[in-house]
2 protein chains.
Amino acid sequence: MDSKTKLRKAGLRPTKQRIAIADILFNGINRHFTAENLHNDIIQSGKQMSLATIYNCLNKFKNVGLISHLQSLGETYVFDTNVEHHHHFFNEKTGELIDFRPGDIHVKKFPKLPKGYKSSGIDIIIKLIEKN
Amino acid sequence: MDSKTKLRKAGLRPTKQRIAIADILFNGINRHFTAENLHNDIIQSGKQMSLATIYNCLNKFKNVGLISHLQSLGETYVFDTNVEHHHHFFNEKTGELIDFRPGDIHVKKFPKLPKGYKSSGIDIIIKLIEKN
DNA sequence: AAGTAGATTAGAATTGTTTTAAAGTAAAAA
DNA sequence: TTTTTACTTTAAAACAATTCTAATCTACTT
């Protein structure tokens with residue numbers, strides 16, 4: 001499916017800029033990227049586009065589910081008086097974090113790590129919403 | 001142990017400001033906070049301190065291991081063309097992210113969730129460093 | 001008590017993202 | 001088709017979080 005159709009199907013107007021972005025993003029290879037990354041790619045391909053447009057488009061794409069964005073633990077630097085290794089519950093509504101001990105969770109099957117690398121740690125975030 | 005001693009033991013000069021911060025942080029209750037949070041607490045307790053000092057102190061505290069900071073997935077907003085639910089390898093050196101499928105990992109024992117809440121998802125980040 | 005290295009501060013600088021308001025463009029209506 | 005309308009793009013300004021700068025201050029050493 002070409003970018004134009006894809007955008008239309010998602011309920012977005014296929015503008016020149018959106019098509020250019022979609023052409024880069026949906027070429028079949030999953031990728032992670034920042035607005036800045038993408039802007040560079042576009043500039044280097046000889047096109048011109050403002051960074052604000054990139055942000056606008058990406059946010060629209062995200063809203064309609066064409067892309068996702070990595071839910072870190074929020075936007076700001078969060079400090080923690082707990083220096084032991086531990087994981088977190090994350091209250092999706094309030095943003096509140098609650099610790100839990102590594103012993104309270106047990107990971108059985110492990111994914112195969114990329115060649116030449118070893119694991120230096122694992123961070124687990126269990127997201128919470130109110131029951132009912 | 002009082003804050004002054006604690007700071008000295010950690011190799012930090014116990015200044016008025018650091019003591020004030022330590023008094024708030026190390027009162028026995030683990031807590032998560034941002035620089036802004038802490039600044040508000042301090043201002044509300046009638047003390048005066050610049051936000052820059054808060055940042056300086058927290059970074060110092062972090063360097064000596066008195067506190068930790070939550071490793072989000074980096075500082076900037078990262079988008080992802082993969083809209084399926086998935087987890088990530090995180091290359092600690094380069095910041096690169098690689099997806100892995102939820103089926104590639106299996107969590108057996110689950111921590112007890114806070115009362116009144118249910119899980120709305122789980123995010124797992126496996127950090128990687130080069131072997132040898 | 002005096003000197004020095006390290007700490008604090010206000011304010012400027014930086015970085016990443018969003019907003020604003022004006023000008024442009026795709027889709028719908030005529 | 002043309003006109004109209006609603007949505008987009010843009011540069012520039014605004015904003016938010018964090019760090020830096022350079023002057024002042026303070027805890028520790030002597």
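Every chain is numbered from 1 and lettered A, B, ... according to where its sequence line falls, protein lines coming before strand lines. Computed from a predicted structure; not experimentally measured.
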**Student:** Counting only side-chain heavy atoms from C-beta out, which of dA27(C), dT18(C), dT26(D) sits nearest to R13(B)?
**Tutor:** dT26(D)

**Student:** Can you tell me the distance, in whole Å, between the OH atom of Y77(B) and the C1' atom of dT15(C)?
**Tutor:** 17 Å

**Student:** Quick one: is Q17(A) getting a side-chain N or O under 4.0 Å of the dT25(C) phosphate, OP1 or OP2?
**Tutor:** no

**Student:** Judged by each residue's nearest nucleotide on DNA chain D, which is more toward the 5′ side, A35(B) or R8(B)?
**Tutor:** A35(B)

**Student:** Taking CG from L70(B) and C1' from dA17(D), how many angstroms apart are they, rounded to a whole number?
**Tutor:** 16 Å

**Student:** Please name the pair of heavy atoms, one in T34(A) and one in V78(B), separated by the smallest distance, quoted to 0.1 Å.
**Tutor:** CG2-CG2, 4.4 Å

**Student:** In this structure, how many angstroms lie between the C1' atom of dT18(D) and the CG atom of N37(B), rounded?
**Tutor:** 15 Å

**Student:** Please tell me which of the listed nucleotides, dA10(C), dT17(C), dT8(D), lies nearest to the side chain of R18(A)?
**Tutor:** dT8(D)

**Student:** Working to the nearest 0.5 angstrom, can you tell me the gap between S68(B) OG and H32(B) NE2?
**Tutor:** 7.5 Å

**Student:** Tell me the interatomic distance from E36(B), atom CD, to dT19(D), atom P, rounded to whole angstroms.
**Tutor:** 14 Å

**Student:** What is the distance, to the nearest angstrom, from the CD1 atom on I19(A) to the P atom on dT8(D)?
**Tutor:** 13 Å

**Student:** Roughly how many Å is it from CD1 in I54(B) to P in dT9(C), rounded to a whole number?
**Tutor:** 9 Å

**Student:** Over all strands shown, is K60(A) touching base, sugar-phosphate only, or nothing at heavy-atom distances under 4.0 angstrom?
**Tutor:** sugar-phosphate

**Student:** With a 4.0 Å limit, can you tell me whether N56(A) has a side-chain N or O closer than that to the phosphate oxygens OP1/OP2 of dT18(C)?
**Tutor:** no

**Student:** Please pick, from dT17(C), dA11(D), dT9(D), the nucleotide with the shortest atom-to-atom distance to any side-chain atom of L51(A).
**Tutor:** dT17(C)

**Student:** If only side-chain N and O atoms of T53(B) are considered, is one of them under 4.0 Å from the OP1 or OP2 phosphate oxygen of dT8(C)?
**Tutor:** no

**Student:** Need one value for K16(A): base, sugar-phosphate or nothing, where a base atom within 4.0 Å counts as base even if backbone is also close, heavy atoms only.
**Tutor:** nothing

**Student:** Quick one: sort the H86(A) and H88(A) rings into parallel, tilted or perpendicular, breaks at 30° and 60°.
**Tutor:** perpendicular

**Student:** How long is the span from the CD1 atom in I42(B) to the CD1 atom in I24(B), to the nearest 0.5 Å?
**Tutor:** 4.5 Å

**Student:** When we call it a touch if two heavy atoms are under 4.0 Å apart, what does T15(B) touch: a base, just sugar-phosphate, or nothing?
**Tutor:** sugar-phosphate

**Student:** To the nearest angstrom, how far is H39(A) atom NE2 from dT17(C) atom P?
**Tutor:** 13 Å

**Student:** Salt bridge between D104(B) and K112(A), side-chain N to carboxylate O under 4.0 Å?
**Tutor:** no

**Student:** Using only side-chain N and O atoms of Y55(A), determine if any of them is under 4.0 Å from OP1 or OP2 of dT17(C).
**Tutor:** yes

**Student:** Roughly, in whole Å, what's the span from CZ in F61(A) to C1' in dT9(D)?
**Tutor:** 14 Å

**Student:** Among the candidates dT10(D), dT9(C), dA27(C), find the nucleotide nearest to the side-chain atoms of A52(B).
**Tutor:** dT9(C)

**Student:** Considering heavy-atom distances to DNA chain C, does G11(B) or S50(B) have its closest nucleotide positioned more toward the 5' end?
**Tutor:** G11(B)

**Student:** Decide whether D99(B) and H87(B) meet the rule of one side-chain donor and one side-chain acceptor closer than 3.5 Å.
**Tutor:** no

